[in-house]
J.: 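Once you've had a glance at the structure underneath, I'll fire off some questions.
Starting from 1, each residue takes its place in the sequence as its number.
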Amino acid sequence: MVRKRRWLALLFVTMLVLLSACGGQSVNQQAEETEKKAGTEAGASADKKFKIGVSQYVEHPALDAAREGFIKALKDNGLEEGKNLEIDYENAQADQTNVNTIAQTFAADKKDLILAIATPNAQAMLQNIKDTPILFTAVSDPLSAKLVDNLEKPGKNITGFSDTPPDVIPNTMKAIKDFFPQAKKVGIIYNSGEANSVANVKVAKEELGKLQLTPVEATATNTSEIKQAAESLVGKVDAIYVPQDNTAVAALKSIVSVANKNDIPLFVGELESVRNGGFAGVGFEYSDIGYETGLMAVKILKEGAKPGDLPVGYPSKLNLVFNKEAAKEQGIDFEKLPKEAMDKWKPEMLEKTEAK
């Protein structure tokens, strides 16, 4: 009887040991499976291919530089075409119908993020897309364009970078006055159908008024009308100003030709246009604001940031730049420019025009 009880006790202990061993193995298996699953999910996240739609108003050096800067920022942060990134680039060719069609197409395609380059494209995207994150770049006045209600906290699904810091237009008008104190009238060439241009020209006219300079407007609705607009200013103005107007900048070569032929100093709204034949401009590198916009995209795609929580950005560094070859073509003698102005502004010098 005692022997039987010992045998039963031994059997009971053996069963407990076996059960414990089985239980431990189950825990280890669960841990391995959990780890494996986590690794699989992490790999799937790392291997995700993002789709970005890029809508650009028209091809010209400034907007092209912004787009290239955007793509570089993505690549520098591990998002590269052909690997984990697909970019659908569309150029509207300065046609509003095309702008709207691109926006509608992107809305149907369900992109992970949209980049709108220039004001009309950003407006069309916001009108057609309510859930996908939208970034804009090369937009002059996001408030007037009704893209955002607040620059610090845009809200909605949109934010980006403006290409018009508060000082850039006032400084350009002051440079005209300082370097050409005898000037009385300044011609302004732009497309009155572009909301960004209307905002820019309003500021320019206000600043010119403060400097006792008279603005003379010459408008065009498309690039084919730009040369005629420039020619209409000959004999009427002492200098020409081309703001950050997509239509005028796309046809800048025509304006440069008129300025060169008639010895009219040509001031422009951004540095790419100085490189392409303008005499002078206060500005920044468009590739820089494109790059900064790209960093916003990285925060949204990789870190889960919300566009409405990211403040609208502005370029931080502004320079006055002269084009020496353009100066010669436009009859400007550096020796005759006021020394006080040269000392005050200390302009950077470009030796020659890049595009001819």
J.: Return yes if some donor-acceptor pair links the side-chain N/O of E86 with the main-chain N/O of K49 below 3.5 Å, else return no.
T.: no
J.: Check the hydrophobic clustering (I, L, V, M, F, W, Y; side-chain heavy atoms under 4.5 Å; chains of links allowed) and say if F334 and L320 are grouped together.
T.: yes
J.: Using every non-hydrogen atom in the two residues, find where E270 and A62 come nearest and quote the distance to one decimal.
T.: OE1-CB, 3.8 Å
J.: How many angstroms lie between atom NZ of K253 and atom OG of S273, to the nearest 0.5 angstrom?
T.: 13.0 Å
J.: Just how far is it from atom OG1 of T172 to atom NZ of K177, taken to the nearest 0.5 Å?
T.: 16.0 Å
J.: May I ask whether L252 and I189 are part of the same hydrophobic cluster, defined by side-chain heavy atoms of I, L, V, M, F, W, Y residues being less than 4.5 angstrom apart, directly or through others?
T.: yes
J.: Is there a side chain to side chain contact (heavy atoms under 4.5 Å, CB included) between M349 and F322 once you walk through the steps?
T.: CA-CA 5 Å; M349 298 288 181; F322 284 170; 3.6 Å; yes
J.: What's the separation between atom CD1 in I114 and atom CD1 in I52, rounded to the nearest 0.5 Å?
T.: 9.0 Å
J.: List the atom of P215, the atom of I188, and the distance in Å for their closest heavy-atom pair.
T.: CB-CD1, 4.1 Å
J.: Under 3.5 Å, is there a donor on one side chain and an acceptor on the other for D64 and Q56?
T.: yes
J.: Flag the pair V168 / P165 as yes when at least one side-chain heavy-atom distance between them is below 4.5 Å, and no otherwise.
T.: yes
J.: Salt-bridged, K328 to E325, with N to O below 4.0 Å?
T.: no
J.: Side chain of D178, backbone of A341: donor and acceptor closer than 3.5 Å?
T.: no
J.: Is K185 atom NZ crowded by more than 12 heavy atoms from other residues, nucleotides or ligands, each under 6.0 Å away?
T.: no
J.: Taking the six-membered ring for Trp and the single ring otherwise, decide whether the centroids of Y291 and Y286 are under 6.0 Å apart.
T.: no
J.: Counting heavy atoms not belonging to E335, are there more than 12 under 6.0 Å from its CD?
T.: no
J.: Between F279 and F267, is there a side-chain heavy-atom distance shorter than 4.5 Å?
T.: yes
J.: Would you compute the distance between atom CD of E80 and atom NZ of K75 and round it to the nearest 0.5 angstrom?
T.: 4.5 Å
J.: Quick one: are F179 and M342 in side-chain contact, heavy atoms under 4.5 Å?
T.: yes
J.: Checking side-chain polar atoms at under 3.5 Å, does Q123 have a donor or acceptor matched by the opposite partner on T119?
T.: no
J.: Please check this pair: side chain of E292 against backbone of D288, looking for a donor-acceptor N/O pair closer than 3.5 Å.
T.: no
J.: So does D88 pair up with K111, basic N to acidic O under 4.0 Å?
T.: yes
J.: What distance separates L271 CG from S287 OG, expressed to the nearest 0.5 Å?
T.: 10.0 Å
J.: Apply the test side chain to side chain contact (heavy atoms under 4.5 Å, CB included) to residues N121 and F136: give CA-CA distance (whole Å), side-chain angles for both, the deciding distance (0.1 Å), then the verdict.
T.: CA-CA 8 Å; N121 303 61; F136 58 76; over 6 Å; no
J.: For L266 versus G277, what's the shortest heavy-atom pair and its separation?
T.: CD2-O, 4.3 Å
J.: Is there a side-chain contact between T137 and L115, using heavy atoms and a 4.5 Å cut-off?
T.: yes
J.: Would you mind checking if K339 and D343 are paired as a salt bridge, meaning a charged N to carboxylate O distance below 4.0 Å?
T.: yes
J.: Any non-hydrogen side-chain atom of D131 less than 4.5 Å from a side-chain atom of K110?
T.: yes
J.: For Q104 and T101, which I'm curious about, is there any donor-acceptor pair between the side chains at under 3.5 Å?
T.: no
J.: Any idea which heavy atoms bring V99 and P120 closest together, and the distance?
T.: CG1-O, 3.5 Å
J.: Are E285 and R275 within salt-bridge range, i.e. N to O under 4.0 Å?
T.: yes
J.: Applying a strict under-4.5 Å side-chain criterion to I, L, V, M, F, W and Y, I'd like to know whether V201 and Y241 cluster together.
T.: yes
J.: Are M173 and I240 joined in one hydrophobic group, where the rule is that I, L, V, M, F, W and Y side chains link up if heavy atoms are under 4.5 Å apart?
T.: no
J.: Crowded around K156 NZ? As in, over 12 foreign heavy atoms under 6.0 Å?
T.: yes
J.: Report yes or no: do T247 and E194 form a side-chain donor-acceptor pair below 3.5 Å?
T.: yes
J.: Tell me the closest heavy-atom pair linking V249 and P243, and the distance in Å.
T.: CG2-O, 4.0 Å
J.: Between Q96 and N100, does any side-chain donor sit less than 3.5 Å from a side-chain acceptor?
T.: yes
J.: Does either side chain, that of N191 or that of T219, offer a donor lying less than 3.5 Å from an acceptor on the other one?
T.: no
J.: Tell me if a side-chain donor or acceptor on D238 pairs with a main-chain N or O of A183 at a distance below 3.5 Å.
T.: no
J.: Is S232 reaching over with its side chain to a backbone N or O of A229, donor-acceptor style, under 3.5 angstrom?
T.: yes
J.: Output yes when a side-chain donor or acceptor of D95 lies under 3.5 Å from a complementary backbone atom of T97, and no otherwise.
T.: yes
J.: Is there a donor-acceptor pair closer than 3.5 Å between any side-chain N or O of N319 and the backbone N or O of V321?
T.: no
J.: Less than 3.5 Å apart, any donor N or O on the side chain of T164 or Q244 sitting next to an acceptor on the other?
T.: yes
J.: Do I87 and L85 make a side-chain contact, defined as non-hydrogen atoms from C-beta onward lying under 4.5 Å apart?
T.: yes
J.: Consider side chain to side chain contact (heavy atoms under 4.5 Å, CB included). Of I102, L147, L135, N157, which one does M125 pass it with?
T.: I102
J.: Drop me the distance from F50's CZ to L79's CG, to the nearest 0.5 angstrom.
T.: 6.0 Å
J.: Check whether any side-chain heavy atom of L350 lies under 4.5 Å from a side-chain heavy atom of V274, and answer yes or no.
T.: yes
J.: How far apart are the C-alpha atoms of T159 and V148, what are their side-chain angles, what is the distance that settles it, and do they pass the side chain to side chain contact (heavy atoms under 4.5 Å, CB included) test?
T.: CA-CA 7 Å; T159 189; V148 300; 5.7 Å; no
J.: Would you be so kind as to tabulate the donor-acceptor pairs closer than 3.5 Å made by side chains of residues 296-316, with sequence neighbours excluded?
T.:
from : atom 1 : to   : atom 2 : distance (Å)
K302 : NZ     : N77  : O      : 2.8
D309 : OD1    : K153 : NZ     : 2.9

J.: Compare all side-chain heavy atoms of V203 with those of N200 and state whether any distance is below 4.5 angstrom.
T.: no
J.: Please test L213 against K184 for side chain to side chain contact (heavy atoms under 4.5 Å, CB included), starting from the C-alpha separation and ending with a verdict.
T.: CA-CA 5 Å; L213 291 170; K184 302 295 183 184; 5.5 Å; no
J.: Is a salt bridge present between E217 and K205, judged by a nitrogen-to-oxygen distance below 4.0 Å?
T.: yes
J.: Search all heavy atoms of A92 against all heavy atoms of N98 and return the closest pair with its distance.
T.: O-ND2, 3.0 Å
J.: Count the heavy atoms belonging to other residues, nucleotides or ligands that lie under 6.0 Å from CD of Q228, then report whether that count exceeds 12.
T.: no
J.: When you group the ILVMFWY residues by side-chain heavy-atom contacts below 4.5 Å and let the links chain together, are I255 and V237 in the same group?
T.: yes
